[in-house]
Protein chains: 2
Amino acid sequence: MEDGTFASPGYCGDTAADEAVQQWDTRNDCEVRQILDRIADKWSLLVIALLDQRSLRFTELRRRIDGISQRMLARTLRHLERDGLVSRTVHPTVPPRVDYALTPMGATLHETIRSLVAWTEEHQNAIAAARAAYDARVQGEKEAAEREAAERDSIAREALTALR
Amino acid sequence: MEDGTFASPGYCGDTAADEAVQQWDTRNDCEVRQILDRIADKWSLLVIALLDQRSLRFTELRRRIDGISQRMLARTLRHLERDGLVSRTVHPTVPPRVDYALTPMGATLHETIRSLVAWTEEHQNAIAAARAAYDARVQGEKEAAEREAAERDSIAREALTALR
DNA sequence: CGGTATCCCCTAAGATACTG
DNA sequence: CAGTATCTTAGGGGATACCG
């Protein structure tokens, strides 16, 4: 309804605060959404973090990232390369050797990511507590509901026997 | 049934720089990974961004977030509530009214997220350029490979006719 | 070594319908 | 209005096999 008149694909202008929020995340043709998805990616973050230390070859990455498949590592690296976050250098030797490194832009992204990780580390205790509290509350409510149901049930039974 | 976070002793200490990287992302019983996943979530970010302005009711959120299903909004809100990022207030009126708001912790998260969004906005042009360059290069290489293949093919044909 | 191609499974998200 | 329950499907991701 309200967003019907916004046809220019790719353009992601921010004007009013309320409008801006709508734009930078709703439309997936918006760059922001795509980059966020890359960051959100299960493996991308880890690759970026590892490459921040030093450049690594394909197999080195594979060994360091426990549980990643060849396919996913290759995919992830190609995505990162395409976005200009990681550079790929082929050494025409035998056996072949390919080095991956963070580009300057990739490095700045890692800086930004760090602040996010820092946030999670600062708040992980609070979050764990919140979860525990929530689970306890939900559990309590469920039990209360069950008790109530049991009570209604017994009342119904009583009524039935009374009628008999 | 939802995913129960069974508390395996996922101690997530950081010692050496190299070790630390491995830990905070490889093991999914590690808190950081889970919180990152929440942040990365397609809808969570948008909900947080919208609630930062003011508290909203369920339907208000649904209307503002174009394309979200009832189910996903409910799920997202439950998760955020469980993590202590969003508060849920039920007004026992008729019709029922439920308000969602950012908790203080949720607000600080939004601050952190902002820096990420800022980064994407700063670099979206560079990324678009990198993608265009990559695609062009790949396209060029593919065409070159095809030309080469065609050439080899014609040479093979020539050799065949020479033998005849 | 450093990939790509193929198959296949399983989950997460969408659509739909129903309830307090 | 504010959800939950149920069904169904697309695609993310693993395993495997094969090329340069």
Side-chain angles (χ1 to χ4, degrees), chain A residues 26 28 33-34 37-47 55-82 86-101 138 141-142 144-145 148-149 152, chain B residues 1-4 25-26 28 33-34 37-38 40-47 51 55-82 86-101 138 141-142 144-146 148-149 152:
Chain A
T26 301
N28 21 355
R33 179 69 259 168
Q34 294 182 9
D37 283 343
R38 182 101 324 125
I39 291 161
D41 187 64
K42 190 179 176 185
W43 306 112
S44 292
L45 259 181
L46 191 43
V47 169
S55 87
L56 294 168
R57 338 175 27 174
F58 188 87
T59 316
E60 285 178 324
L61 280 167
R62 194 151 74 101
R63 261 197 299 268
R64 280 159 192 268
I65 305 174
D66 192 54
I68 197 171
S69 62
Q70 262 185 339
R71 183 179 178 279
M72 283 333 289
L73 181 54
R75 255 176 82 85
T76 303
L77 287 169
R78 241 168 297 110
H79 283 147
L80 293 171
E81 188 195 356
R82 190 172 107 99
V86 157
S87 67
R88 178 172 178 273
T89 322
V90 183
H91 299 99
T93 59
V94 175
R97 177 195 179 93
V98 181
D99 278 324
Y100 292 94
V138 167
E141 279 168 12
K142 203 168 76 179
E148 206 183 310
R152 266 201 307 275
Chain B
M1 221 37 176
E2 299 301 319
D3 47 322
D25 214 344
T26 300
N28 25 356
R33 178 72 258 170
Q34 294 181 10
D37 283 345
R38 183 101 325 126
D41 187 65
K42 188 180 178 184
W43 304 114
S44 292
L45 260 181
L46 192 42
V47 168
L51 289 181
S55 88
L56 294 167
R57 338 178 25 177
F58 189 87
T59 316
E60 285 178 324
L61 281 167
R62 194 151 74 99
R63 261 196 298 267
R64 279 161 192 267
I65 304 174
D66 191 55
I68 198 172
S69 63
Q70 261 184 338
R71 184 178 175 277
M72 279 294 103
L73 181 53
R75 257 179 85 85
T76 303
L77 288 169
R78 246 19 18 94
H79 283 147
L80 292 171
E81 188 196 357
R82 189 171 106 100
V86 157
S87 66
R88 177 172 178 273
T89 323
V90 184
H91 299 100
T93 58
V94 175
R97 176 193 180 95
V98 180
D99 278 323
Y100 291 95
V138 167
E141 279 167 13
K142 203 168 77 178
E146 271 163 20
E148 206 181 310
R152 268 201 305 274

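The sequence lines fix the lettering, A, B, ..., with proteins before strands; numbering per chain opens at 1.
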Between [X] and [Y], which heavy-atom pair has the shortest distance, and what is it?
X      : Y     : value
B/Y100 : B/R78 : OH-NH2, 2.7 Å
B/R88  : B/V98 : CG-CG1, 3.7 Å
B/T76  : B/D41 : OG1-OD2, 4.1 Å

Rounding to a whole Å, what distance do you find between [X]:[atom1] and [N]:[atom2]?
X     : N      : atom1 : atom2 : answer
B/L56 : D/dG3  : CG    : C1'   : 17 Å
A/M72 : C/dA5  : CE    : P     : 15 Å
A/L61 : C/dG3  : CG    : P     : 10 Å
A/H91 : C/dG3  : NE2   : P     : 13 Å
A/L73 : C/dT4  : CG    : C1'   : 13 Å
B/D99 : D/dC1  : CG    : C1'   : 12 Å
A/R75 : D/dA15 : CZ    : C1'   : 16 Å
B/Q70 : C/dA12 : CD    : P     : 21 Å

Give one of base, sugar-phosphate or nothing for A/R97, where a contact means two heavy atoms less than 4.0 Å apart.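 It contacts sugar-phosphate atoms only.
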Just to confirm, is there a sub-4.0 Å distance from OP1 or OP2 of [N] to any side-chain nitrogen or oxygen of [X]?
X      : N      : result
A/R78  : C/dG3  : no
A/R71  : D/dA15 : no
B/R88  : D/dG3  : yes
B/Y100 : D/dC1  : no
B/T59  : D/dA2  : yes

Determine, for A/E60 against A/R63, whether the closest basic-nitrogen to carboxylate-oxygen distance falls under 4.0 angstrom.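 The answer is no: the pair does not qualify as a salt bridge.
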Nearest of D/dG13, D/dG14, D/dT4 to any side-chain atom of A/W43?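 That would be D/dG14.
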Could you work out which one of C/dC1, D/dG13, D/dC1 sits closest to the side chain of A/D41?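 So the nucleotide nearest the side chain must be D/dG13.
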Need to verify one output field. Residue with the more 5' nearest nucleotide on DNA chain D, A/P96 or B/F58?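 Final value for this comparison: B/F58.
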